[in-house]
Number of protein chains: 2
Amino acid sequence: MKKDNSTEEKIKQAAKEVFISKGFAGCSTREIAKASGMNVALVNYYFRSKSQLFALIFNAAMEDFTNTMVEVFGRDLSLPEKMRILIDKEYDFLSKHPELPAFIINETNRESGISFTNAGFFEKISQTGIFEQCIEAQQKGEMREIDIRNMTLLILSNCHYPFMSKNMMKSMLKIDSNQWKEAIELHKTHVTELLVNYLFPKK
Amino acid sequence: MKKDNSTEEKIKQAAKEVFISKGFAGCSTREIAKASGMNVALVNYYFRSKSQLFALIFNAAMEDFTNTMVEVFGRDLSLPEKMRILIDKEYDFLSKHPELPAFIINETNRESGISFTNAGFFEKISQTGIFEQCIEAQQKGEMREIDIRNMTLLILSNCHYPFMSKNMMKSMLKIDSNQWKEAIELHKTHVTELLVNYLFPKK
DNA sequence: AACTATTTTAAACAGTTGTTTAAATTATTT
DNA sequence: AAATAATTTAAACAACTGTTTAAAATAGTT
């Protein structure tokens, strides 16, 4: 049937890069076609429309985006251990994919944007048993009384924002890329202590 | 001379709203013209080009964006007091302008985007004397040994991200706008304690 | 009043946008 | 080898993009 399935894959790969770095509104189908070495008609031949191709990319990105959390929460570890490992893994992952948080948040905010099926994030997190583990830890007095939503927001804020704000911080603080890299590496240790100390205070 | 200076002002006001909510790439000059009740030619008559109008809006937004920090740091207060007031004021400000952080960060990340003169942010912050106050507090042992850049990043992460991520969080956590509002109000208190406790630990 | 400068308008411009068409090419099946 | 199906191409489409033009309308000056 298919002469060369790598055409479809090439377009998808190029679309991923272009969409994530420029956003839906910031690029054209012709740009994606050129980046993949194909022509415009092929983009719509394989994916029907710019919007449908985008939805594909977005949902995959969302999957990657929430993967680490689901994976780490699902392990058999204490909460402070999970927290430390999660932050470490998030910083690792985002060092390789620094554009992802801004992409997700942007496109989620775009009017008439993605339908955002949520891809069952809440359910996946729920199935890890993290909620029960938190409630239990709170009853034992090992964890601060904090809504799980606020805990999530604290984690995401301190993991995502440093990468999203790279260019802004470089300009505001007048630092170059090397200094930023140093600052980020140091920042990870601050964030870890900050969150662990706050969420699991020693009496 | 000017028949009606409100024309220029109307366009500027409409441009501000449209640019901030849709971004430079996400809107057209015709959309701005229509939003202001004027026509396309007038936009370029008063502002020469979409880019120049955008630069005007962006720089003003950047000014608003960094205002609170400069203002609070310039007061005659202790560092923990400044921190508490700053967070309170940031949450107040961002409740009224929730789209601003995402706008600034997005446009700062856009390729061939704004020249971003920085508007002397670093100098303005420096002139408040906050750096010296931090060093002094650290020498007295009242403040944790932390680079001022990392301190800044901690503050911005925990103030900006909650507002930028509103739609994402609503979807991920399956909550409505009222629940989000409650969560944000609560979050402010968490962030305040989190940061004050970390930066100014009691021995 | 006539004249000048400023503001507003409608129309046009060249280029780009997402998408579709129909023909050409290639692969697969018979 | 012939017939069928899948893939690729170049070209076209209508709508929209930022910007400019020249004429019309208005305001200000003499």
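Letters A, B, ... are given to chains in the order of the sequence lines, protein chains preceding strands, and every chain is numbered from 1.
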S.K.: Find the distance B/Lys34:NZ to D/dT17:P and express it as a whole number of Å.
M.R.: 10 Å
S.K.: For A/Glu31 and C/dT16, what is the distance between atoms CD and C1' respectively, to the nearest whole Å?
M.R.: 12 Å
S.K.: Determine the interplanar angle of the A/His187 and A/Tyr91 rings, folded into 0 to 90°, and report it as parallel if under 30°, tilted if 30 to 60°, perpendicular if over 60°.
M.R.: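 It falls in the tilted class, 30° to 60°.
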S.K.: In whole angstrom, what separates B/Phe24's CZ from D/dT17's P?
M.R.: 13 Å
S.K.: Answer yes or no: does a side-chain N or O of A/Thr29 lie under 4.0 Å from OP1 or OP2 of C/dG18?
M.R.: yes
S.K.: Just how far, in rounded Å, is C1' of D/dT17 from CD1 of B/Ile32?
M.R.: 13 Å
S.K.: Write out a two-atom table: protein N or O, nucleotide N or O from nucleotides 10-14 of chain D, distance below 3.5 Å.
M.R.:
residue: D/dA12; atom: N6; partner: A/Arg30; partner atom: NH2; Å: 3.4

S.K.: Quick one: do the B/Lys124 and B/Thr66 side chains pair a donor with an acceptor below 3.5 Å?
M.R.: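 Side chains of B/Lys124 and B/Thr66: no pair found under 3.5 Å.
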S.K.: What integer distance in Å separates A/Lys50:NZ from C/dT17:P?
M.R.: 9 Å
S.K.: In whole angstrom, what separates A/Gln52's CD from C/dT19's C1'?
M.R.: 13 Å
S.K.: For atom CG of A/Asp176, is the number of surrounding heavy atoms from other residues, nucleotides or ligands below 6.0 Å larger than 12?
M.R.: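 For A/Asp176, atom CG is crowded (more than 12 foreign heavy atoms under 6.0 Å).
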S.K.: Let's see if you can work this out: which of C/dT7, C/dT20, C/dT17 has an atom nearest to the side-chain heavy atoms of A/Ser28?
M.R.: C/dT17
S.K.: If we count only N and O atoms by modelled type, under 3.5 Å, do the side chains of B/Glu123 and B/Ser126 hold a donor and an acceptor together?
M.R.: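 Judged by distance alone, the side chains do not pair up.
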S.K.: Counting only pairs under 3.5 Å, give me each side-chain donor-acceptor contact of residues 154-164 of chain A, with atom names and distances, residues two or more places apart or in other chains.
M.R.:
residue: A/Ser157; atom: OG; partner: A/Leu153; partner atom: O; Å: 2.7
residue: A/Asn158; atom: OD1; partner: B/Asn158; partner atom: ND2; Å: 3.0
residue: A/Asn158; atom: ND2; partner: A/Leu154; partner atom: O; Å: 2.8
residue: A/Asn158; atom: ND2; partner: B/Asn158; partner atom: OD1; Å: 3.0
residue: A/His160; atom: ND1; partner: B/Tyr161; partner atom: OH; Å: 2.6
residue: A/Tyr161; atom: OH; partner: B/His160; partner atom: ND1; Å: 2.6

S.K.: Ignoring backbone atoms, test whether B/Tyr46 places a side-chain nitrogen or oxygen under 4.0 Å from the OP1 or OP2 oxygen of C/dT8.
M.R.: yes
S.K.: If you look at every heavy atom in A/Met69 and A/Leu86, which pair is closest and at what distance?
M.R.: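 Scanning both residues completely, I find the closest heavy atoms to be CA-CD1, 3.8 Å.
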S.K.: Under 4.0 Å between a side-chain N or O of B/Thr7 and OP1 or OP2 of C/dT8?
M.R.: yes
S.K.: Quick check: closest heavy atoms across A/Asp64 and A/Lys16, and the distance to 0.1 Å?
M.R.: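 In terms of heavy atoms, the two residues are closest at OD2-NZ, 4.2 Å.
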S.K.: Could you tell me how far apart B/Tyr45 (OH) and C/dT6 (C1') are, to the nearest whole angstrom?
M.R.: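 After rounding, the reported distance stands at 5 Å.
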S.K.: NZ of A/Lys10 versus P of D/dT8: gap in Å, rounded?
M.R.: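 Nearest whole value for this atom pair: 9 Å.
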S.K.: Students often get this wrong, so: under 4.0 angstrom with heavy atoms, is A/Ser51 touching a base, only sugar-phosphate, or nothing?
M.R.: nothing
